[in-house]
Structure formats: structure tokens, C-alpha cells
J.: 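My structure is below; once you've seen it, I'll send some questions.
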Number of protein chains: 4
Amino acid sequence: MVCGMTRQAPDAARRNAGSRSAILAAALDLVAEVGYPKLTVEGIAARAGVGKQTIYRWWPSKGAVLFDALLALGETPDGQPGSLPDTGDLAADLKVVLRATVEELDDPRYDASMRALSTEIMHDPELADRYARRLDGPLRDVKRERLRSAQRAGELRADLDLEVAVDLIWAPIAHRWSQRGPLTAGYTDAVVDAALAGLRRRRG
Amino acid sequence: MVCGMTRQAPDAARRNAGSRSAILAAALDLVAEVGYPKLTVEGIAARAGVGKQTIYRWWPSKGAVLFDALLALGETPDGQPGSLPDTGDLAADLKVVLRATVEELDDPRYDASMRALSTEIMHDPELADRYARRLDGPLRDVKRERLRSAQRAGELRADLDLEVAVDLIWAPIAHRWSQRGPLTAGYTDAVVDAALAGLRRRRG
Amino acid sequence: MVCGMTRQAPDAARRNAGSRSAILAAALDLVAEVGYPKLTVEGIAARAGVGKQTIYRWWPSKGAVLFDALLALGETPDGQPGSLPDTGDLAADLKVVLRATVEELDDPRYDASMRALSTEIMHDPELADRYARRLDGPLRDVKRERLRSAQRAGELRADLDLEVAVDLIWAPIAHRWSQRGPLTAGYTDAVVDAALAGLRRRRG
Amino acid sequence: MVCGMTRQAPDAARRNAGSRSAILAAALDLVAEVGYPKLTVEGIAARAGVGKQTIYRWWPSKGAVLFDALLALGETPDGQPGSLPDTGDLAADLKVVLRATVEELDDPRYDASMRALSTEIMHDPELADRYARRLDGPLRDVKRERLRSAQRAGELRADLDLEVAVDLIWAPIAHRWSQRGPLTAGYTDAVVDAALAGLRRRRG
DNA sequence: GGATAACCGAGACGGTACGTCCGGTCTTACC
DNA sequence: GGTAAGACCGGACGTACCGTCTCGGTTATCC
């Protein structure tokens, strides 16, 4: 099994699976309850009924614990990254996906831990790299694939830089979320429409 | 002059201006040197040659200090918000502005303190509100005004929601910066072009 | 007017008598309420409705304030030191006096401030000296005089060292008080009897 | 072995003996150097090379630390309370003992820490109780025993209250010490003589 | 199936920083 | 010019966690 950010040195085979999942669950609970800044390794250990050393043995920081917790949260269904819906109508598909994303961010467990992870990434380049490769990367692949499909179908410009295109659609939502701006279905719909149609006025 | 996030309770008239600026300068220096997580109130006080109480008297947290420090940094020139260049060619103007923004983020003092502030905002709704009103708001006004001018000149669609339009252009840059992605002039140019032209393929 | 331990530098004539007595009263109240270790100059100033500087201007420490407060407490009646009763029966007179002393120590104002003063004296030789000259000295004179009178009347040995004699009678009470031992009329009576008669068995 | 004033809650078995003795030694050194009022927990921790929490884990206050330090100082020889010399001549024996006591109080380590302890006892009834049971009690037993022996030998009155007798002899010394009066061998000899013979004049 | 090595809970340890309280000095405005 | 008010620098308080460490007590493979 893949493991997120665990240290490799100790003998992973001997690892107590119960402790591991108790720690990840405690971390998610606590971050939702008290917020990331007040999340402490000691608190996680106490809540999980685990010695502090058991955490430090496997993770270098509370951020790494939370990272694995988020990974586990995402992997629960089947372990497959899945793909975005493709009905042939890109605008409609994107609107559905973004509405779902916005709804997901209403779950305080998810919101709090994502917020925490984003925070940690801002100050920890190594964690940022792991995030890019293990969490954001696969998601981004999925998004890019949907756009590429639309491109092949002639819905999108042939000369489009898909990296930029992905950002154009998803960054406004992420940015508004991170700044606690109002995040509604109306807003995400408007973003999709504007991104696809462009800001520029059409002549004639 | 208005002041950023100082508590209003104590008698602001009696305030020692020298201590205030020493504290703000020390905060900026330290956050650039050791990063936000290792920035401490104690450290700021020591560097500024000030008692800890003098900080706690006027600010509730290290985040608030940094907020005021950033405000002071921005106000240095003249206190006027200024406006974006307007040559009549929106795409060109935006490219110039975004290239300048990217360059500004290369200054470690600015980068580190903005990163710190973004972090704090993620977990402190009250600070987020102050940020929106005192720092981001004025900047956003300036951006919206430039777009409105282009709209009036017929460069942009008449039915455009300018809030969405602002996000479409600036959010990708902010998002990539916060995730430590590569932030080049080529990228910002591509964002401007894609946002203005739209992702959708033109028929005929 | 005598003043206990006030600094002499400032112009005492301009002194605000109301502030002075408010400070002394506040000190006595507070020491009885919260105990000496938690008595603070700031607290006294607040209770007395006085600026801190007004205290520091006239007294060097909270101990000195309390010292003056005790002096004022003792001087209230007439300012005269008075003398011990002298009925011609030393034992009876002493028992009356000591019972009165024990009763006085039941007043928490008096008990707490005396306890505080004793404490301060233990660590501050200068204050100890002032205490010996201004508070304990006069009292001791009075005690010694009563014993000298008994000596002249033939009740006490002619070769007696009266300093030792005073200690023999009063030190046990003071010592037991300071160690919070049980302080009863029975005990003080027993001390008087034992001190006068001596511990040694009489022969024949 | 019993221990002085340590809190019982934490697991005493896991206690680091080196830290404990380093703390006690540091406390004795510091109180002799800077005096009790300037003795700080922080200072003790620094001098002992110990974290502050290690002190707060086991003692509730600097006074309690000093108490244990004094206990340890007293227990060094053998842990036995010992007894007072008994040559059959009570007066001579007492004079020897009191001269030794006075000399002991010349050691600034002992003087300063005893002074500190006395101070703390004045304001902390619980500490006073511990003192009475663990330090003063055993000493007092020893003194009472010596007097009882003299009583049995016919040197002292048969009807004597030994508690009062102990105070009559030792309280004057303790009291004079606490008030920083002159404490000489001549004085202690005079106290013994006066206490044994009594103040009252013997009739021809 | 007994040895042995790692994990595990618990928690003491040396530290750092917290946010508060107060000491003693200095400044300002009022009277 | 004395006073009430209170900001200021400094420093100790007692607490919370950090990350390391040591202690017995379970596992759980490997001889």
C-alpha cells in the first residue's frame, strides 16, 4: 500500500494499523474542532490513545499527519483517481463538478484540514512538493484530461495551453475559498461561462 | 491617518511612535529571516528593543503586527491607492502589471510577509475581513476600475460581471504563487491572453 | 507630624494628605484581603484612586507603605506610647497585657499587616532598623519600664538583665504567633508563671 | 525514604534523581547569593540546568523547593534526629547547644534559607503545617526529651509544662534572630540562666 | 517454543514561547 | 508643581507543547 509521508526507516511491517488509523482520525477530528494552529501532536496522541513517540516515529510533524489523513480520506472509496464526467457538453460538466467541489468544502472536516494543509504548504517547500505530486497532481491530471477531451472534440481551441486553462477555471474557486469570499453555485457557473467565452467583446 | 489593526481600547494619543515603527520594522525583518512559523512576539520585542507588553497592548497577535507592517510598507510612497496604467490596450497593460507583480513577489521581505498573512487569514476570519477591507479591497477596486474602463471603451463584453473578470485574471497568479508553482512572465502573459480570448473554439 | 519611612526629598509640605491616608488605608485593607505576597503597589494605587507615581514618590516599596500604615494605626488614639498597667502585682498585670495582645492579633487587619512587616524585616536590614527604632523600640521601652518598676519594688531580682527578661516573656508569644501555633490565654498565663518562677526545681 | 513536600500525583518512581538534587543545590546556592525575594524559579532552573516544568512538576512554589532543600541539608549525616547532650547538668548542656545553634546560623546558606522558610511560613498555613510536622516537630521532640530527662532527675519542677519550657528557652533566640538583633553567646547563656532561675526575686 | 528485537503506552526531561502581571520610570494633561 | 492616568522597558510568572529520552509491557517474527 502506498503511504503518504511516513518515514521509511522503521520497520513498516510491524506497524500497528489500529494506532495509525486512530491517529489519522484523531487528527481530522481535532483540526475540525480547534483549528490547525491549536492542533498539537500531544493532543492528537491523547485523543488517539497513543504515545507521542508513536506519532514522532512515523511522521515528522503535525502537518505530515494531516497530509496522510487527507490522503486516507480521499482514498476511501476505491483508491482510483476516477475522472470527470464527460457528456460532450464541457460547460455543463464543469458546472456540475465545481458545484460538487463547493459543496464538499462545506464539510468542516474537509474544509479545516484542507485549509491547514494549504497553510503548511505555504511555508514548507518539501511538503508543497509532496502535495503537488501525491494530491494535487493526480487531480490536475484528471482536470487536464477532461479539457483535452473537449479540445479533441473541437469544443476548445486547438492551440490552448491546458495548464493555463485548468488554472483559469479552478484557481478562482480555490482563491476565493482561501480568502473566505462568498462561494456560491452562481459564482462557479459565472466563472465557467466567462472562462470559456472569454472577457473580450466579439465584434460584428 | 487610519491605522490598520491596532486595538482601540488604549489611549492611542499617548502612543510612542518610535516603538510602533521599531516593532513593525522588526516584524518584517524577522519574518524574512526566519519565516512566519518561527516568528515570535518575543523575538519581535527583543529585536525592536521593546517590552512584550507594548506589543500585546496594541496588537492581539503576531499576525496583526505583520498586517500593520504590510500596510505601512504599502503606504510608504504617498498613501494614495493609485491606478493601473491605461493605454487603451488592455491586454498589454495587464501584461505589464502582472509582470511587475511577479517581480515584486521576488523580494523576500514582501514574499515572506504576504505568505505569512495569507496563512493567518486562512485560520482567522476576523483578520480575513480586515484584509479584505483594508488591503485587498482597495487593490481590487483599482483592478475593477481598469476593467470597467476597457468595458466602456468597448474592449470587454458589456454584460460582464467584473468581479468574476478580476478573479479570472488575478486568481491564477495568486494561486500559483501560494502553491509555489513556477511563476514566469510567460505564464502571466498566457493567462491574460486566455482570459481575454476565452477557452472556447471560435467557429467559422 | 512624624512620618514613618517616607522619603525626605520631595517637598512634604505640598503633600496631599487625602492621598496619603487613602494609600495607607488601601494598603491595610488589601493586605488583609489578599495577603502580603499578593499585595502590589499597583493594587494599592488603584484601590486608593491614586497614580502609581504618587506612591513611588513618597515610599520606596510596598513594605514601607505598610510600615507607615501600621504606624498610623498605632498612633490613632493619641500619639503617646502609653505605659503598661502597674497594680503592684507583676504577674497579674502581665497576664492582662498578654491576653490583650493575643486578642489584638485576632483582628485580621492587624494580623496580616504585622505578619507582612515581620516578613519584610527578615530580608531587609534597613527596614529592620527602622522597625527597631520606630515601632518595636518604644514598645520595648514600655515593657522594660514595667519590669524595672517591679525590680525596684523588689518583685524581681536586682541583678536581672532586663533585655533578657523582656525577651523571656514576650518572645514565646511572638514566636508561637509567627509559627501559627495555638495562641491561647492559657498559654500566655503559663508563660508568665514559668518565666517568673523559673524552670528549676526549688529545693527543700 | 519519605520525601518532604513533593507533590504525589506524578509517578515518583520515574523521577530523575540527578535533576532533583541539582535543583535543591541550586536553590540553596541562589538563596544565599541573592536572598529569598530575588530567588526565582527561573533562576533555579537555569542554575540547575533543568527545565522550569521539571520544578513545577514536583513542587508548587519556590518555598516548597527550599523546604525540601533544607530537609535534605538536615538529613545529610544519617537521617536520624539524634538527641541533645545529657551530662546531668542541664544549664551547661543547654548553653553548649544554644552556642552551637547560634554558630550554625552564621552559615549564610543556612541563615538565608531558614530566613526564607520562616518568611514563607508566615503567609502559607499549609507550609507552616508541613514545617511543624517534618522539620520543627522532630527538633522540638528532641528538646522536650532533654527537659523531661532533667525533670526526671529532679533538676526541673515536676509540674512543669514542657511545651512552655521549650519555648521559654528557645523562643528568645529564634525571635532575636528573626529580628536581626545581636545574637551572642553571652545572650544565650543569660537566657538559659534566667529561664532556669526565674525572674522573680527569692525571698531570704 | 524460547529468544530477541521492534513496537507500543506512558510520561519525565531540557527547552522555547506563550500571554499576563507587576516593578519602577517617564510623560502628558489637568488643576 | 503636585497629581491621576497610564505607556513604557524589563523580567518573572505558571502553562502548553515541542521533540527526545527512557521505562516496562506486549507482540511477532526468527532461530
Side-chain angles (χ1 to χ4, degrees), chain A residues 9-20 22 38-46 48-62, chain B residues 10-16 18-20 22 38-46 48-58 60-62, chain C residues 10-16 18-19 38-46 48-62, chain D residues 9-16 18-20 22 37-46 48-58 60-62:
Chain A
D11 183 352
R14 288 174 167 272
R15 188 161 184 185
N16 182 326
S19 291
R20 182 183 138 93
K38 290 191 178 175
L39 178 70
T40 66
V41 172
E42 231 158 44
I44 297 171
V50 140
K52 272 201 296 180
Q53 194 57 40
T54 302
I55 296 183
Y56 282 112
R57 193 166 8 243
W58 301 104
W59 292 276
S61 68
K62 66 175 182 177
Chain B
D11 184 353
R14 290 170 170 270
R15 188 159 184 185
N16 182 327
S19 293
R20 182 183 139 92
K38 291 192 176 172
L39 177 70
T40 66
V41 173
E42 219 151 55
I44 297 172
V50 142
K52 271 202 292 180
Q53 195 58 46
T54 300
I55 296 182
Y56 283 111
R57 181 150 37 228
W58 301 105
S61 67
K62 65 176 182 177
Chain C
D11 183 352
R14 291 179 164 271
R15 187 161 183 187
N16 183 326
S19 291
K38 291 191 175 172
L39 178 71
T40 66
V41 172
E42 235 161 39
I44 297 172
V50 142
K52 271 202 296 180
Q53 194 56 38
T54 303
I55 295 183
Y56 281 112
R57 192 160 15 238
W58 300 105
W59 293 276
S61 67
K62 66 176 181 175
Chain D
D11 184 352
R14 290 171 169 272
R15 188 162 184 182
N16 183 326
S19 292
R20 181 182 139 93
K38 291 192 176 172
L39 178 70
T40 66
V41 173
E42 219 150 54
I44 297 172
V50 142
K52 271 201 292 181
Q53 195 57 45
T54 301
I55 296 182
Y56 284 112
R57 184 151 33 228
W58 301 105
S61 67
K62 65 176 182 176

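A, B, ... follow the sequence lines: proteins, then strands. Residue 1 opens every chain.
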J.: Nearest whole Å is fine: how far is E:dA17 P from B:I44 CD1?
T.: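 It is 12 Å, rounded to the nearest whole Å.
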J.: Choose from E:dG19, F:dC8, E:dG11 the nucleotide whose nearest atom is closest to any side-chain atom of A:K52.
T.: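 Given the options E:dG19, F:dC8, E:dG11, the side chain of A:K52 is closest to E:dG11.
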J.: When the distance from OH of D:Y56 to P of F:dC17 is rounded to whole Å, what number comes out?
T.: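 About 18 Å, once rounded to whole Å.
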J.: Using only side-chain N and O atoms of B:S19, determine if any of them is under 4.0 Å from OP1 or OP2 of F:dA7.
T.: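 Checking B:S19 against F:dA7: no side-chain N or O falls below 4.0 Å of OP1 or OP2.
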J.: Any idea which of F:dC13, E:dG9, E:dC18 is nearest the D:E42 side chain?
T.: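 The answer is F:dC13.
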J.: If you assign each of A:T40 and B:G51 to its closest nucleotide in DNA chain F, which residue comes earlier from the 5' end?
T.: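 Between the two, 5'-proximity favours B:G51.
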J.: Of all residues at least two apart in sequence or in a different chain, which pass the side-chain hydrogen bond (donor to acceptor under 3.5 Å, both in side chains) check with C:E42?
T.: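 C:K52.
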J.: Atom CG of C:L39 to atom C1' of E:dC21: distance rounded to whole Å?
T.: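 Distance check: C:L39 CG to E:dC21 C1' gives 14 Å.
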J.: Which heavy atom in A:T54 sits nearest to a heavy atom in A:S19, and how many Å separate them?
T.: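 Smallest heavy-atom distance, with atoms named: CG2-CB, 4.5 Å.
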J.: Considering non-hydrogen atoms only, spot the tightest contact between B:A48 and B:A22 and give its length.
T.: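 Shortest heavy-atom contact: CB-O, 3.6 Å.
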J.: Which whole-number value in Å describes the distance from B:W58 CH2 to F:dG6 P?
T.: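 After rounding, the gap between these two atoms is 11 Å.
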J.: Using every non-hydrogen atom in the two residues, find where C:I55 and C:V41 come nearest and quote the distance to one decimal.
T.: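 Minimum heavy-atom contact is CD1-O, 3.8 Å.
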J.: Under 4.0 Å: is that the gap between some side-chain N or O of B:T54 and OP1 or OP2 of F:dA7?
T.: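 No, no such contact exists.
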J.: Just how far, in rounded Å, is C1' of E:dC7 from CZ of A:R20?
T.: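 The distance from CZ of A:R20 to C1' of E:dC7 comes to 16 Å, rounded to the nearest Å.
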J.: Expressed in angstrom and rounded to an integer, what is the separation of B:N16 atom CG from F:dC9 atom C1'?
T.: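 About 11 Å, once rounded to whole Å.
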J.: Under 4.0 Å: is that the gap between some side-chain N or O of A:R57 and OP1 or OP2 of E:dC8?
T.: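 A:R57 to E:dC8 OP1/OP2: side-chain N or O found under 4.0 Å.
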J.: Of all residues at least two apart in sequence or in a different chain, which pass the side-chain hydrogen bond (donor to acceptor under 3.5 Å, both in side chains) check with C:K62?
T.: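 Here no residue qualifies.
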J.: With the side chain of A:V41 defined as its heavy atoms from C-beta on, choose the nearest nucleotide among E:dG19, F:dG14, F:dC18.
T.: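 Of the candidates, F:dC18 comes closest.
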J.: For the residue pair B:R20 and B:W58, establish whether any side-chain heavy-atom pair is separated by less than 4.5 Å.
T.: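 B:R20 vs B:W58: side chains apart.
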J.: May I ask you to verify whether the side chain of A:Q53 and the base of F:dC21 hold a donor-acceptor pair under 3.5 Å?
T.: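 A donor-acceptor contact between them is present.
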J.: At 4.0 Å (heavy atoms only), tell me whether D:G43 reaches a base, stays on the sugar-phosphate, or touches nothing.
T.: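 Nothing, no nucleic acid heavy atom in range.
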J.: Rounded to whole Å, how long is the line connecting atom CD1 of A:I55 with atom P of F:dT20?
T.: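 The answer, rounded to whole Å, is 13 Å.
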J.: Could you tell me whether the phosphate oxygens of F:dG19, OP1 or OP2, come under 4.0 Å of any side-chain nitrogen or oxygen in A:W59?
T.: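 It does not, given that no N or O in the side chain of A:W59 lies less than 4.0 Å from OP1 or OP2 of F:dG19.
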J.: Report the residue (B:K38 or D:A48) whose heavy-atom-nearest nucleotide on DNA chain E is the more 5′ of the two.
T.: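 The residue whose closest nucleotide sits nearer the 5' end is D:A48.
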J.: Judged by each residue's nearest nucleotide on DNA chain E, which is more toward the 5′ side, C:K62 or D:V50?
T.: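 By nearest-heavy-atom nucleotide position, the 5'-most residue is D:V50.
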J.: When the distance from CZ of B:R15 to P of F:dA7 is rounded to whole Å, what number comes out?
T.: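 Going from B:R15 (CZ) to F:dA7 (P), I get 11 Å.
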J.: Between the protein and nucleotides 28-31 of chain E, list every N/O to N/O distance that falls short of 3.5 Å.
T.:
| unit_1 | atom_1 | unit_2 | atom_2 | d |
| --- | --- | --- | --- | --- |
| E:dT28 | O2 | B:R14 | NH2 | 3.2 |

